[in-house]
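I have placed the structure first, in the form of structure tokens, so that the comments after it can refer back to it.
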Amino acid sequence: MLEVIEPATERTLATVRRAGVEEADAAVARARAAYPAWRAVAPADRARLLGRIADVVAEHAEELAVLEARNAGKPISDARGEMGMVADVFRYYAGAPERLLGDTIPVTGGHAFTVREPLGVVGLIVPWNFPLVIAAWKLGPALAAGNTVVLKPAELTPLTALRFAELVLEAGLPEGVVNVVAGPGSTVGRRLVEHPDVAKIAFTGSTEVGRAIAAGAAETIKRVTLELGGKSANVVFADADLDAAAAAAPGAVFGNAGQDCCARSRILVEARALDDFMAALEPAVRAVRVGDPLDESTEMGPLISAGQREAVASFVPDDAPVAVRGSAPAGPGYWFAPTVLCPVGPADRAVREEIFGPVVAVLPFRDEDEAIALANDTIYGLSGSIWTRDGARALRVARAIETGVLSVNSNTSVRVSTPFGGFKQSGYGRELGPHALDAYTEVKSIYYAVP
Ligand code: NDP
């Protein structure tokens, strides 16, 4: 059995059956059996069913939000936002089955055209930081394109995925189209990667596991999309609205207790504005309300586990240059206070590695060229922000930074209708928006001879 822990209390929240390789194989077999009928569902009917999933999720949004808030330790207001996004993702991709367009291509002696075919059974492996919403980013386009799926949630946070599997049946989806297998990555996850009947793996998680998945998938030439780690830079120029940049910076790195692949865990500030920026940042960090995830006013909850807290604490040894430290509750729960490190150098561990906790490093830069060089001095390339009032500079820097997602005078990264994904070792493939469908379909070229 698998004991699911509530990170805010360290108590058992639920006990569920721990699946193994046999259950993974059975789920793949169910998905394979359901595939021919699901891909044959008329596009308008598949669209209607995806719309029903959105409705059923919206009807159960509060129940799902409380479950997610308790299991992942995230503030209830964040969890509600995530469930709203889950419903929005299915509503958005409900528009896709009837819009999977192909091309006609002029050729000699007949007609050539392309169609988009589904892949078959797709394995979805997701992490614990945004359990259901990251699953939805994969489920929406996968199902819209006519694939069937096996979803493996993280062992730490399986509860919303298991409930979702019940809700899709309530929405009218045929049995076997969505299968959820709650078991360890080392057995269930690996089996999905190796299984000859799984056509593709869509993965979100650590770069290390992503590397192993890409290597394992090579054996069967599986399609793979990877959303991996990040070390995003929040670049603040002296001509920016410094108060706005400083007020927004804590949310950009302490949101979800820093357990966010888009966390802006490096703040790069133009040297002549550093003192003013730090003066504005300090009260904003101290104001972050850390506490019970179910309290409506909470802005940051605990970390996911004791192990994660230990990993995050290793970035703040006793002699660390702590410039600001916020507050955190004492007692049970995996709490860690929001922490700002300054001064730090470009070679420091907190500047180079993904921390995945509420710790941020602040570095000064001299000019635009140095800002770009520092922002790009990382193996990752997921997200980032640029704060400036100079429009031309904003566009120059946005084009020069090697990441998949950027925002100017804002720290947002994810929208249902725009593509999301990384450069460099942050992964490959795009989720959300129109581009995600490319990763769940194959292009087929058909030539019809006309004598
Ligand atoms: P992992 O990458 O280990 O886990 C992500 C998912 O992959 C989980 O469902 C996990 O299963 C599964 N998994 C683990 N090993 C394998 C494998 N060999 N084959 C197939 N699937 C596998 O992340 P962690 O939970 O260990 O977190 C460690 C670090 O990863 C974090 O500190 C953070 O730096 C980074 N991370 C980044 C995320 C992102 O959004 N980019 C998300 C999560 C973590 P299970 O956990 O059930 O065993």
Side-chain angles (χ1 to χ4, degrees), residues 2-5 7 16 18-21 24 71-72 74 123-135 137-138 150-159 161-162 180-195 198 201-217 219 222 224-232 255-263 265 303-315 334 336 349-350 352-359 379-383 404-405 413-414 420-422 424-429 431:
L2 168 61
E3 231 184 286
V4 181
I5 303 295
V16 299
R18 174 182 264 136
V21 170
N71 191 176
K74 64 177 70 227
L124 313 178
I125 302 179
V126 300
W128 41 260
N129 52 345
F130 298 97
L132 191 58
V133 78
I134 285 181
W137 300 354
K138 300 171 180 6
V150 178
L151 165 65
K152 193 206 91 60
E155 275 217 300
L156 291 168
T157 54
L159 300 183
L162 290 167
V180 175
V181 187
S186 55
T187 54
V188 171
R190 263 181 93 147
R191 181 63 184 148
L192 293 178
V193 171
E194 288 165 2
H195 203 301
V198 174
I201 295 288
F203 172 76
T204 299
S206 61
T207 293
E208 189 188 347
V209 172
R211 206 172 279 130
I213 285 176
E219 193 60 36
K222 264 186 193 51
V224 178
T225 43
L226 302 172
E227 299 295 346
L228 309 175
K231 192 70 200 170
S232 297
N256 214 44
Q259 302 165 125
D260 182 342
C261 44
C262 296
S265 59
L303 292 170
I304 189 71
S305 64
Q308 191 66 19
R309 183 169 60 183
E310 210 174 294
V312 173
S314 74
F315 288 90
Y334 309 120
F336 199 93
R349 216 182 129 228
R352 306 218 66 78
E353 295 179 25
E354 183 173 50
I355 299 174
F356 233 60
V359 178
I379 60 166
Y380 298 111
L382 190 53
S383 191
V405 190
S413 296
V414 174
F420 174 72
K424 303 198 285 189
Q425 293 190 37
S426 287
Y428 44 74
E431 304 205 284

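Whatever order the structure lists ligands and atoms in, that order sets their numbers, starting from 1.
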Just to confirm my output: which protein heavy-atom neighbour is closest to [atom], and how far is it?
atom                    : result
atom 37 (C) of ligand 1 : F356 CZ, 3.4 Å
atom 18 (N) of ligand 1 : R190 CG, 3.8 Å
atom 22 (C) of ligand 1 : G185 CA, 3.4 Å
atom 40 (O) of ligand 1 : N129 ND2, 3.2 Å
atom 39 (C) of ligand 1 : C261 CB, 3.6 Å

Those atoms of ligand 1 less than 4.0 Å from some heavy atom in [X]:
X    : result
P127 : 42 (C), 43 (C)
G189 : 19 (N), 20 (C), 21 (N)
A154 : 9 (O), 47 (O)

- Examine T204 against ligand 1 and note whether any of their N/O atoms are separated by less than 3.5 Å. no
- Backbone or side chain, does any N or O of G205 fall under 3.5 Å from an N or O of ligand 1? yes
Considering only heavy atoms from C-beta outward, does the side chain of [X] approach that of [Y] to under 4.5 Å?
X    : Y    : value
C261 : L228 : no
V4   : P158 : yes
L162 : P153 : no
E194 : E219 : no
V193 : I125 : yes

Could you tell me whether [X] approaches ligand 1 through its side chain, its backbone, both or neither, with non-hydrogen atoms closer than 4.0 Å?
X    : answer
Q308 : side chain
S206 : both
V126 : backbone
L228 : backbone
E354 : side chain

Which is closest to [atom] by heavy-atom distance: [options]?
atom                    : options              : result
atom 12 (C) of ligand 1 : I125, V312, L2, I134 : I125
atom 7 (O) of ligand 1  : F203, W128, F130     : F203
atom 10 (C) of ligand 1 : E155, K152, R18      : K152

- Looking only at non-hydrogen atoms, find the nearest pair between E353 and K231 and report the distance. O-NZ, 2.7 Å
- Message: Under 4.0 Å, counting heavy atoms only: does G183 come that close to any atom of ligand 1?
- Response: yes
- Could you tell me whether a side-chain N or O of Q259 sits under 3.5 Å from a main-chain N or O of F356, the two making a donor and an acceptor? no
- When you measure from the side chain of S426 to the backbone N and O of G381, does any donor-acceptor pair fall under 3.5 Å? yes
- Is at least one protein non-hydrogen atom found at under 4.0 angstrom from atom 26 (O) of ligand 1? no
- Are any of the protein's heavy atoms under 4.0 angstrom from atom 4 (O) of ligand 1, yes or no? no
- Taking the six-membered ring for Trp, are the ring centroids of W137 and F420 within less than 6.0 Å of each other? yes
- Item | Set of residues satisfying side chain to side chain donor-acceptor pair (under 3.5 Å) with respect to N256, sequence neighbours excluded | K74
- Output all residues satisfying salt bridge (charged side-chain N to carboxylate O under 4.0 Å, His left out) with K152, sequence neighbours left out; order by chain, then residue number. none
- S232 and S383: side-chain donor and acceptor closer than 3.5 Å? no
- Message: What I want to check is whether the side chains of R349 and S314 have a donor and an acceptor closer together than 3.5 Å.
- Response: yes
